[in-house]
*Asks:* 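One structure, as structure tokens, below. Some questions next.
One-based numbering along the sequence shown. Both counts, for ligands and for their atoms, begin at 1 and track the order of listing.
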Amino acid sequence: MSKTFASAADLEEKKVSFTQLSEHAWAYTAEGDPNTGVIIGDDAVLVADTQATPAMAQDVIRRIREVTDKPVQYVVLTHYHAVRVLGASAYGAQQVIASQDTRDLIVERGEADKASEIGRFPRLFRDVESVPAGMTWPTITFTSRMSLWLGKLEVQLLQLGRGHTKGDTVVWLPGEKTLLSGDLVEFDATPYAGDAYFRDWPATLDNIAALQPQALVPGRGPALLGQERVQAGLASTRDFIRDLWASVQEGVAAGKDLRATYEHSFATLQPKYGHWVIFNHCMPFDVTRAYDEATQHADPRIWTAERDRQMWEALEG
Ligand SMILES: [Zn+2]
């Protein structure tokens, strides 16, 4: 029985929550759809990850305006994926900030990723014609770490290692131990690993755990409140990445081709993780990338709309 491509059959709208996590941090979450983090400082607002289109970002702005009239001065891109980035223009922010590694990926593969992701998630790109032509370019880039001061509030942008992509950045409020993780951490949602570094990702999660966050906004899924919930989210993400990587390594060691490895991995992971959001969507991309990393591609190959469909046909056709 063949599965519908990616999330093309997922058309059901999700219920949005906008919740305060700590004195200055808020989470915009939507039942497993991509989240947005909001930091309200003394004089300005920071938004981390923008939603997929300006039209969808308007709903985030509407929620922000229910709690503050301070201007949105900063947009932070935790990584380059279009579903996180292409709503940026709606905020009218003075600065769009990303790691230099993320900017390099936008240069190298931003256009291809945009076309690919729009094909994968038709529902998430509502009013896609509201996206400006071309790419969303950072106005500030950094390497490793930087601090922003929203008045007296320090906001740290940290690269704690590769994982979901080469350029992953987390947003950290040291004063209130609150963290916005982007797609490095998911909760009750399947990690997308099509552009991932499987060998690095678990250690990067350990680095997040070492900060001992009291609250964490994952890339998808509900905000995690309390150290126990945060550590549970880190652990389940780490388990998925390790289990998938181990199953693919077994397939490669047994001399299986990609399709046979995929069937082995899917059967191995489905009982434990099959109820997570976008499991069927992510698995073909995740296994393909893990197989590449275990064989001959240290860095993720570029996904295009055409390669997406060819891969799906090869594994699910
Ligand atoms: Zn992503």
*Asks:* Do T143 and Q100 have side-chain atoms, one donor and one acceptor, less than 3.5 Å apart?
*Replies:*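 Looking only at side-chain atoms, Q100 and T143 do not form any donor-acceptor pair under 3.5 Å.
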*Asks:* Between E176 and Q214, is the side-chain contact (heavy atoms from CB on, under 4.5 Å) condition met? List the steps.
*Replies:* CA-CA 8 Å; E176 38 208 84; Q214 295 285 347; over 6 Å; no
*Asks:* Give me the number of protein N, O or S atoms whose distance to the Zn ion (ligand 1) is under 2.8 Å.
*Replies:*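 Counting protein N, O and S atoms closer than 2.8 Å to the Zn ion (ligand 1) gives 4.
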*Asks:* Going by heavy atoms in the side chains, are P191 and H164 under 4.5 Å from each other?
*Replies:*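 Side chain of P191 against side chain of H164, heavy atoms only: no contact under 4.5 Å found.
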*Asks:* Do the numbers put R309 on top of the ring of F5, so that NZ or CZ is under 6.0 Å from the six-membered ring centre and no more than 45° off the axis?
*Replies:*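 Judged by the rule (NZ or CZ under 6.0 Å from the ring centre, within 45° of its axis), R309 counts as positioned above F5.
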*Asks:* Do the non-hydrogen side-chain atoms of V171 and V155 ever get within less than 4.5 Å of each other?
*Replies:*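 Yes, side chains in contact.
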*Asks:* Suppose we call two aromatic rings close when their centres sit under 6.0 Å apart. Are F279 and W276 close by that rule?
*Replies:*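 When the ring centroids of F279 and W276 are compared, they turn out to be at least 6.0 Å apart.
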